[in-house]
Amino acid sequence: MDFLFDSNMTTEEIAQNLLGCLLIKVTKEGTCSGWIVETEAYLGELDEAAHSYAMKRTPRIESMYKEAGTIYVYSMHAHQLLNIVVQESTIPHAILIRAIEPHTGIELMTQRRKKEGLLLTNGPGKLTKAMGIDKKDDGTLINKESLYLSQIERKKPKKIDKTARIGIPNKGVWTDALLRYTVSGNPYISVKKGKLDNGFGWECVNNTIMRIEETK
DNA sequence: ACGTCGATCTCCT
DNA sequence: GGAGATCGACGTA
C-alpha cells in the first residue's frame with residue numbers, strides 16, 4: 001500500500017504502477033482476484049473529464065475528497081465503476097480500474113457474469129459485476145474492509161501502452177491526453193488495438209499456462 | 001418534479 | 001460497427 005501514499009509519485013505514475021497489482025474482493029459467496037491490466041487517470045481540478053473537475057463537490061463524489069486509498073464507486077448506465085483515490089484529500093485525483101486478468105475465483109465470476117473467458121472482466125462494468133463490487137464499497141478504504149490490493153503477488157508488464165481515455169468526447173485537450181495505461185498485448189484489455197502477446201504481456205510467466213480464447 | 005445525460009454493455013446486422 | 005437498454009445523479013424550475 002505504501003505506493004499509494006508516496007507523495008513523490010504523480011497520479012499518472014501511480015496509475016501505471018497499479019498495472020500488474022493483484023485486486024482481491026472477499027464476499028460471503030467467495031473470494032475473487034485478478035491482475036490489473038488497464039487503468040485511467042483522472043486529474044481532478046484541471047481535468048474536464050473528471051467528476052471532480054474545477055473542485056466540483058456533490059454527495060455522489062464525496063469519496064474523491066477523502067484520503068489516498070479510498071474507494072470511489074459510482075454507477076452509470078446501470079453499471080458500477082471502480083476507482084481508487086490516490087492523493088491527499090485536498091487533491092481529488094482517482095484512478096479508474098478498467099480491466100483485470102482473472103486469477104482466482106473464476107467459477108464464481110462466471111456465475112455472476114453468465115459469460116466465460118475474456119468476457120468475464122474485459123471492461124470496467126464487467127469486472128465489478130464479476131467480483132461483486134458495488135456501491136457498498138464506496139467510501140471505504142482499500143485493504144481495510146473486503147477489497148484488497150496486493151503487491152506481493154504482483155506481475156510486471158513488459159511494456160505499458162499509453163493511449164487516450166475511452167468515452168471522453170468534446171473535452172478539448174483532455175479528450176486526447178494519454179492518461180489510459182494498458183499492459184501491452186494482454187487479451188483482457190477492453191478496447192484492443194495492436195497484436196496480442198503470448199505471455200499476456202507480463203515479464204516473467206512462471207508455470208502459468210497461457211491460452212488466449214478468441215471470442216469475437 | 002422533470003428532463004437530460006453519461007468514465008457502458010449487449011445483441012443484432 | 002451501431003442502436004437500444006437502462007437508471008441514478010444532477011441541474012433547472
Side-chain angles (χ1 to χ4, degrees), chain A residues 11-12 14-16 18-19 23 32 34 36-66 70-87 91-102 109-139 142 147 160-183 187-194 213-216:
Chain A
T11 299
E12 294 94 313
I14 297 168
Q16 292 172 70
L18 284 179
L19 295 176
L23 183 71
C32 298
I36 297 171
V37 300
E38 176 175 351
T39 59
E40 284 180 2
Y42 286 84
L43 307 180
E45 67 281 0
L46 298 172
D47 182 353
E48 293 179 42
H51 293 158
S52 51
Y53 171 56
M55 300 302 280
K56 187 172 91 146
R57 202 156 173 166
T58 65
R60 176 178 68 141
I61 54 182
E62 261 319 284
S63 296
M64 284 194 75
Y65 295 86
K66 292 187 179 176
T70 301
I71 307 299
Y72 171 42
V73 176
Y74 73 95
S75 61
M76 65 100 49
H77 285 94
H79 300 283
Q80 311 286 96
L81 274 65
L82 169 65
N83 299 254
I84 301 170
V85 178
V86 294
Q87 301 289 351
I91 305 174
H93 288 195
I95 294 167
L96 171 66
I97 309 298
R98 286 192 53 91
I100 64 166
E101 175 189 325
M109 291 195 264
T110 305
Q111 282 173 25
R112 285 174 173 151
R113 288 276 299 129
K114 299 178 171 62
K115 305 278 180 192
E116 296 185 336
L118 299 180
L119 296 176
L120 281 183
T121 54
N122 64 345
K126 299 179 192 179
L127 77 90
T128 54
K129 183 169 184 191
M131 298 188 88
I133 295 165
D134 58 30
K135 268 286 183 33
K136 289 194 291 297
D137 295 297
D138 180 63
I142 196 101
L147 191 61
I160 295 174
D161 289 328
K162 303 178 176 76
T163 55
R165 292 172 292 182
I166 304 297
I168 314 284
N170 311 318
K171 291 288 193 287
V173 297
W174 298 101
T175 292
D176 301 315
L178 302 180
L179 293 172
R180 173 174 177 251
Y181 308 101
T182 53
V183 176
Y188 284 90
I189 292 165
S190 65
V191 180
K192 285 186 276 295
K193 72 174 171 60
E213 303 169 38
E214 287 301 339
T215 52
K216 194 164 174 177

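Owing to the predicted nature of the structure, the values given are computational and were not obtained by experimental measurement. Numbered from 1 within each chain, the chains take letters A, B, ... in sequence-line order.
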- Partner set under salt bridge (Lys or Arg N to Asp or Glu O under 4.0 Å) for A:Asp134, not counting sequence neighbours: A:Lys136
- Query: A:Asp138 has an atom CG; how far is it from atom P of C:dG8, in whole Å?
  - Reply: 15 Å
- Task: Consider the side chain of A:Ala78, meaning its heavy atoms from C-beta on, and name the nucleotide among B:dT8, C:dT6, B:dC9 that approaches it most closely.
- Result: C:dT6
- Scan residues 41-58 of chain A for pairs that pass salt bridge (Lys or Arg N to Asp or Glu O under 4.0 Å), counting only residues two or more places apart or in two chains. A:Asp47-A:Arg165, A:Arg57-A:Glu62
- Would you classify A:Lys114 as touching base, sugar-phosphate or nothing, given that sugar-phosphate means primed atoms plus P, OP1 and OP2, and contacts are heavy atoms under 4.0 Å? nothing
- Message: If you only use heavy atoms from C-beta on, which nucleotide in B:dC11, C:dC7, B:dA7 is closest to the side chain of A:Tyr72?
- Response: B:dA7
- Between P of C:dC7 and CD of A:Gln80, the distance in whole Å: 12 Å
- Message: Side chain of A:Pro59 only, heavy atoms from C-beta on: which candidate in B:dT8, C:dC10, B:dA7 is closest?
- Response: C:dC10
- Note on the structure: Winner on side-chain proximity to A:Ile168, out of C:dG8, B:dC9, B:dA7, is B:dA7
- Query: Considering the options A:Glu101, A:Lys126, A:Met109, which one meets the side-chain contact (heavy atoms from CB on, under 4.5 Å) requirement together with A:Leu120?
  - Reply: A:Met109
- Can you check the A:Leu81 CG to C:dA9 P distance for me, whole Å? 14 Å
- Task: Quick one: list whatever passes side chain to side chain contact (heavy atoms under 4.5 Å, CB included) with A:Thr163, sequence neighbours left out.
- Result: A:Arg180, A:Lys193
- Task: Specify the residues of residues 47-58 of chain A, ordered by number, for which at least one heavy atom lies under 4.0 angstrom from an atom of DNA chain B.
- Result: A:Ala49, A:His51
- Does the aromatic ring of A:His77 sit over the six-membered base ring of B:dT8, closer than 5.5 Å centre to centre and tilted less than 30°? yes
Would you list the atom pairs, donor with acceptor, under 3.5 Å between side chains in residues 77-84 of chain A and any protein atom, with sequence neighbours excluded?
residue: A:His79; atom: NE2; partner: A:His77; partner atom: O; Å: 3.4
residue: A:Asn83; atom: ND2; partner: A:Tyr72; partner atom: O; Å: 3.3

- Atom CH2 of A:Trp174 and atom P of B:dA7: how far apart are they, to the nearest Å? 16 Å
- Return the minimal non-hydrogen interatomic distance between A:Met64 and A:Ala94, and the atom names on each side. CE-CB, 3.6 Å
- Is any side-chain heavy atom of A:Val183 closer than 4.5 Å to a side-chain heavy atom of A:Ile160? no
- Using a cut-off of strictly less than 4.0 Å, decide whether A:Arg60 has a side-chain nitrogen or oxygen near OP1 or OP2 of B:dA7. no
- Task: Please report, rounded to the nearest Å, how far the P atom of B:dG6 is from the CD1 atom of A:Ile166.
- Result: 16 Å
- Item | A:Tyr42 side chain reached by A:Ile168 side chain, heavy atoms, under 4.5 Å | yes
- Query: Can you tell me how far C1' of B:dA7 sits from NZ of A:Lys171, to the nearest Å?
  - Reply: 10 Å
- Message: Please compare A:Lys135 and A:His79 by the position of their nearest nucleotide in DNA chain C and report the one closer to 5'.
- Response: A:His79
- Message: What is the separation between atom CZ on A:Arg98 and atom C1' on B:dT8, rounded to the nearest whole Å?
- Response: 9 Å
- Closest non-hydrogen atom pair between A:Ala130 and A:Thr121, with its separation: CB-CG2, 3.9 Å
- Query: Is any side-chain heavy atom of A:Glu38 closer than 4.5 Å to a side-chain heavy atom of A:Tyr188?
  - Reply: no
- Atom CG of A:Leu120 and atom P of B:dC9: how far apart are they, to the nearest Å? 13 Å
- Here DNA chain B, pairs taken as Watson-Crick or G-U under 3.5 Å and shown with ( ), [ ] when crossing and | when to another strand, reads ||||||.|||||.
- Message: Of the listed nucleotides (B:dG6, B:dT10, B:dC9), which one gets closest to any side-chain atom of A:Arg113?
- Response: B:dT10
- Message: Is it the case that B:dA7 (base atoms only) and A:Tyr74 (side chain only) share a donor and an acceptor within less than 3.5 Å, ignoring hydrogens and angles?
- Response: yes
